[in-house]
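Quick caveat: nothing in here was measured; it's all calculated off a predicted structure. The analysis underlying the following values was restricted to heavy atoms, covering all of them including side chains, and did not include hydrogens, waters or symmetry mates.
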Amino acid sequence: MKRGNRALVLVAIAFFCYILFSHRTSPTEVELAEDPAGDTTGLPSHVHRPPGQTVDSKINTTLCQYNECLKGRWAPREPQFKTLEDFQEVFAKRGASIWSTCEIGDPPAGVKWTSAEEERLKQKRLVDIMNWVWQPDHGEWLPWDPLDFVVRLLKTPGGIVFMGDSLSQGHEHAFGSYLQEGGIVFQMKETDSAIRSHILEKGHPVTLELQRRAGVPDSRMDHPIFSVVEEHILIHQEDLRYITELNGATKGWEWHLDSLKRADDWEGFFRRLTKSRPGEETSVTRDTIIVLNTGAHWSRGTMYMLPEIDSLEKERETLTNVYTAMAKIMIRKLSQYPRLTVFYRATNAGHPSCHRYNKPSKDAAEAHREAARYLELSDASASNEVDRKVRRRWDWDYLNVLSQVWKTEIEHQEWLRRTMKLRNQSGGVGMRWLYVDVYEMSLQRPDAHAVPGKDCLHWCLPAVYSEWSRHLYHILYLEMEQEY
């Protein structure tokens with residue numbers, strides 16, 4: 001073969017290899033549009049997997065990753081708090097809430113406590129509950145650093161917002177006190193009875209140091225570090241009527257949810273918290289964060305406008321349809337804010353007959369075995385047949401099923417966001433959504449509820465909430481130190 005012809009053949013082979021292999025290294029339009037619903041990761045195999053589903057890390061490899069951190073067990077605190085004063089030195093010295101007791105419920109039959117005995121038992125219960133800390137199975141959490149947490153929140157236009165029902169309000173309360181233990185001083189601003197914000201106290205030495213470390217202008221200091229929006233079912237009344245009537249509720253059903261807190265202007269509140277402000281372009285560069293949840297009120301007991309039929313399976317199918325419609329409405333509403341990152345927190349477990357427990361489950365396996373006894377334990381707490389039915393319709397054994405609705409929706413939102421990012425290599429596109437799966441972590445704490453035998457859904461403060469707050473700090477660090 002002549003030298004010129006040989007050169008032409010080599011060029012042709014090289015061009016063919018380029019076409020073949022360059023085509024396969026980038027996803028096609030069909031692949032990018034592939035629906036993730038059937039994939040266990042929620043993403044096509046060529047797209048980066050969601051955080052927490054990979055062992056790869058661009059930072060310290062000893063740190064656990066996202067929901068990986070929430071697989072583990074409760075371990076004894078080292079060193080143990082021996083007295084109430086030991087506990088308060090760590091959790092109740094500088095904060096607005098001087099935690100001192102946890103309720104203990106009613107005394108055993110035939111027993112009567114003196115006031116002093118009752119107070120001592122309440123103090124002891126708080127110390128006992130706080131003598132357990134969360135221990136991930138793999139990796140570790142960052143050491144808690146409230147000052148660094150606030151510095152990171154200053155780099156967002158609106159800090160962190162807890163939105164949901166009384167469980168979210170309890171978390172916000174414990175979260176704020178935990179920050180204050182670092183010597184941080186806040187002032188509260190109340191928008192209305194259901195929306196409260198906390199800004200740093202101006203001129204305080206710690207505030208000045210935090211501003212210096214964050215490198216943000218004075219304008220940022222007028223806006224919140226953390227807020228709470230008490231909106232128990234998230235969506236507005238007209239939206240709830242629409243989705244329930246689509247699923248069998250009588251048209252124009254009588255409104256019975258006035259006892260649930262509502263924040264009618266939450267959309268305007270988020271509009272203000274997520275907008276960019278002049279002079280902050282180079283320093284306030286991160287998104288406002290919302291920690292979102294609703295679940296406890298989405299039961300057959302609360303949503304009794306839905307048809308009651310002689311089939312648990314069909315009633316819960318209807319409930320799931322309504323709940324899914326609510327999640328889609330919220331996703332659409334929140335997606336209007338480009339500078340917002342959403343952490344959806346799974347609804348925590350409730351434990352019927354929680355007065356039976358005085359320490360955490362040994363591990364997740366033991367907790368799930370106890371959860372399998374839900375109906376038995378629920379019925380054991382009932383005083384009569386009517387009470388038995390009422391308790392069953394709380395649907396605590398269905399809370400995590402509803403949380404999985406959000407998990408599926410969030411996987412899809414993240415798949416869409418990553419798909420758009422691949423198409424637009426100049427930068428990220430769309431909101432960031434994260435599913436924070438605290439269910440199993442909470443399932444292992446039947447001993448830590450608010451009032452044994454009476455309130456087995458809420459938590460004694462600060463208890464479980466303090467560990468949730470540590471996890472929020474951890475994932476905020478991961479979000480800021482590694483790009484996805």
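- Aromatic pair Trp468/Phe175: centroids not less than 6.0 angstrom apart.
- The two residues Ser466 and Met130 have their closest heavy-atom pair at OG-CE, 4.0 Å.
- Proximity of Ile225 to His198: side-chain heavy atoms (C-beta onward) are nowhere separated by under 4.5 Å.
- With hydrogens and angles disregarded, no donor-acceptor distance shorter than 3.5 Å links the side chain of Asp437 to the backbone of Asn67.
- Going from atom OG1 of Thr347 over to atom CG of Asp165 covers 7.5 Å, rounded to the nearest 0.5 Å.
- Side-chain contact annotation: Glu479 with Tyr66, donor-acceptor N/O pair under 3.5 Å present.
- Contact check on Glu376 versus Arg373 returns a salt bridge, with a Lys/Arg side-chain nitrogen under 4.0 Å from an Asp/Glu carboxylate oxygen.
- By the 4.5 Å heavy-atom criterion applied to side chains, Met163 and Val291 are not counted as neighbours.
- Residues Asp137 and Arg73 are not paired through a salt bridge, judged by the lack of any N-O separation under 4.0 Å between the basic side chain and the carboxylate.
- Enclosure of atom CD in Glu313 is not indicated, since only 12 or fewer non-hydrogen atoms of other residues, nucleotides or ligands lie within 6.0 angstrom.
- In this structure the side chain of Pro360 never reaches within 4.5 angstrom of the side chain of Trp134, judged on heavy atoms.
- Because its NZ or CZ atom is not both nearer than 6.0 Å to the ring centre of Trp459 and within 45° of the ring axis, Arg445 does not count as a cation-pi partner of that residue.
- In this structure, the side chain to side chain contact (heavy atoms under 4.5 Å, CB included) partners of Glu117, at least two apart in sequence or on a different chain, are Trp113, Thr114.
- The residues Glu280 and Arg220 are annotated as not salt-bridged, no charged nitrogen and carboxylate oxygen being separated by less than 4.0 angstrom.
- Taking the centre of each ring, Phe226 and Phe162 stay at or above the 6.0 Å mark.
- At distances below 3.5 Å, at least one donor-acceptor pair connects side-chain atoms of Gln211 with backbone N or O atoms of Val216.
- Residue pairs meeting the salt bridge (charged side-chain N to carboxylate O under 4.0 Å, His left out) criterion with at least one partner in residues 456-471, sequence neighbours excluded, are Glu467-Arg470.
- In the model, Ser381 has a side-chain atom that pairs as donor or acceptor with a side-chain atom of Ser353 under 3.5 Å.
- Using modelled atom types, no side-chain atom of His232 and backbone atom of Ala296 make a donor-acceptor pair closer than 3.5 Å.
- When every heavy atom of Asn358 is checked against every heavy atom of Asp447, the shortest pair comes out as C-CB, 3.7 Å.
- Applying the side-chain hydrogen bond (donor to acceptor under 3.5 Å, both in side chains) test to pairs two or more places apart or on separate chains, those with a residue in residues 315-326 are Arg300-Glu315, Glu315-Arg393, Arg316-Asp395, Arg316-Asp397, Thr320-Tyr398, Tyr323-Tyr344, Tyr323-Trp406.
- Atoms CZ and CZ, on Arg432 and Arg417 in that order, are 5.0 Å from each other to the nearest 0.5 Å.
- Between Glu414 and Arg418, at least one side-chain nitrogen of the basic residue sits less than 4.0 Å from a carboxylate oxygen of the acidic one, meeting the salt-bridge criterion.
- Using a 4.5 Å heavy-atom cutoff, the side chains of Leu257 and Thr302 are in contact.
- When the shell of 6.0 Å around NZ of Lys122 is examined, it contains more than 12 heavy atoms from other residues, nucleotides or ligands.
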For this session: Take Arg271 and Glu267, measure what salt bridge (charged side-chain N to carboxylate O under 4.0 Å, His left out) needs, and give me the verdict at the end.
Result: CA-CA 6 Å; Arg271 197 171 298 114; Glu267 290 176 87; 5.3 Å; no
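- Between Phe270 and Trp266, the ring-plane angle classifies as perpendicular under the 30° and 60° cut-offs.
- Classified by interplanar angle (parallel below 30°, tilted 30° to 60°, perpendicular above 60°), the ring pair Tyr465/His171 is parallel.
- A salt bridge (charged side-chain N to carboxylate O under 4.0 Å, His left out) check over residues 334-357, counting only residues at least two apart or in different chains, returns nothing.
- Checked by atom type and distance alone, the side chain of Asp455 never pairs as donor or acceptor with a backbone atom of Val451 at under 3.5 Å.
- In this structure, the side chains of Ile290 and Ile160 stay at 4.5 Å or more apart for every pair of heavy atoms.
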For this session: I would like to know whether Tyr178 and Trp144 meet ring pair (Phe, Tyr, Trp, His ring centres under 6.0 Å); could you show each step before the answer?
Result: CA-CA 10 Å; Tyr178 207 7; Trp144 172 252; 4.2 Å; yes
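- If you take CG on Asn131 and NZ on Lys359, they are separated by 13.5 Å, rounding to the nearest 0.5 Å.
- Contact between Leu200 and Met221 at its shortest, heavy atoms only, is CD1-CE, 3.6 Å.
- For the pair Leu210 and Leu147, the minimum side-chain heavy-atom distance is below 4.5 Å.
- Between His449 and His458, the ring centre distance reaches or exceeds 6.0 Å.
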Problem set entry | Residue pair Glu230, Glu172: steps toward the side-chain contact (heavy atoms from CB on, under 4.5 Å) verdict | CA-CA 10 Å; Glu230 292 188 80; Glu172 177 265 347; over 6 Å; no
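- Side-chain polar atoms of Tyr473 and Asp148 form a donor-acceptor pair below 3.5 angstrom.
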For residues 94-107, run the donor-acceptor check on the side chains, cut-off 3.5 Å, and write out each pair with its distance to 0.1 Å, sequence neighbours left out.
{"residue": "Ser97", "atom": "OG", "partner": "His173", "partner atom": "NE2", "Å": "2.6"}
{"residue": "Asp106", "atom": "OD1", "partner": "Lys454", "partner atom": "NZ", "Å": "3.2"}

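- Residue Gln187 holds its CD atom at 8.5 Å from OG1 of Thr207, rounded to the nearest 0.5 Å.
- With contacts defined as side-chain heavy-atom distances shorter than 4.5 Å, the pair Trp396/Cys456 qualifies.
- Of the N and O atoms on the side chains of Gln65 and His138, not one donor lies less than 3.5 Å from an acceptor on the other residue.
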Exercise. Are Glu370 and His351 close enough, and set up right, to give a side chain to side chain donor-acceptor pair (under 3.5 Å), and what steps lead you there?
Worked result: CA-CA 9 Å; Glu370 284 295 289; His351 297 86; over 6 Å; no
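- Proximity of Phe81 to Thr83: side-chain heavy atoms (C-beta onward) are nowhere separated by under 4.5 Å.
- The backbone N or O of Ala214 lies less than 3.5 Å from a partner atom in the side chain of Lys155, making a donor-acceptor pair.
- Ser383 meets the side chain to side chain donor-acceptor pair (under 3.5 Å) test with Asp387; sequence neighbours excluded.
- In this structure, the separation between OG on Ser403 and CH2 on Trp298 is 13.0 Å, given to the nearest 0.5 Å.
- Salt bridge annotation for Arg392-Asp379: present, with a cationic side-chain nitrogen under 4.0 angstrom from a carboxylate oxygen.
- Between Thr341 and Asp287, the side chains place a donor N or O and an acceptor N or O closer than 3.5 Å (distance only, hydrogens not considered).
- Here CD1 of Ile329 is found 8.5 Å from CG of Leu240. Values are rounded to the nearest 0.5 Å.
- With salt bridges taken as basic N to acidic carboxylate O contacts below 4.0 Å, one links Asp239 and Lys333.
- Ionic pairing of Lys328 and Glu409 is present here: one or more N-O contacts between side-chain nitrogen and carboxylate oxygen are shorter than 4.0 angstrom.
- We find that Lys261 and Glu231 are not joined by a salt bridge, their nearest charged nitrogen and carboxylate oxygen being 4.0 Å or further apart.
- Judged by distance alone, with hydrogens and angles left aside, the side-chain atoms of Thr288 form a donor-acceptor pair with the main-chain N or O of Leu273 at under 3.5 Å.
- Remark: side-chain polar atoms of Arg262 are paired, donor with acceptor, to backbone N or O of Ile235 under 3.5 angstrom.
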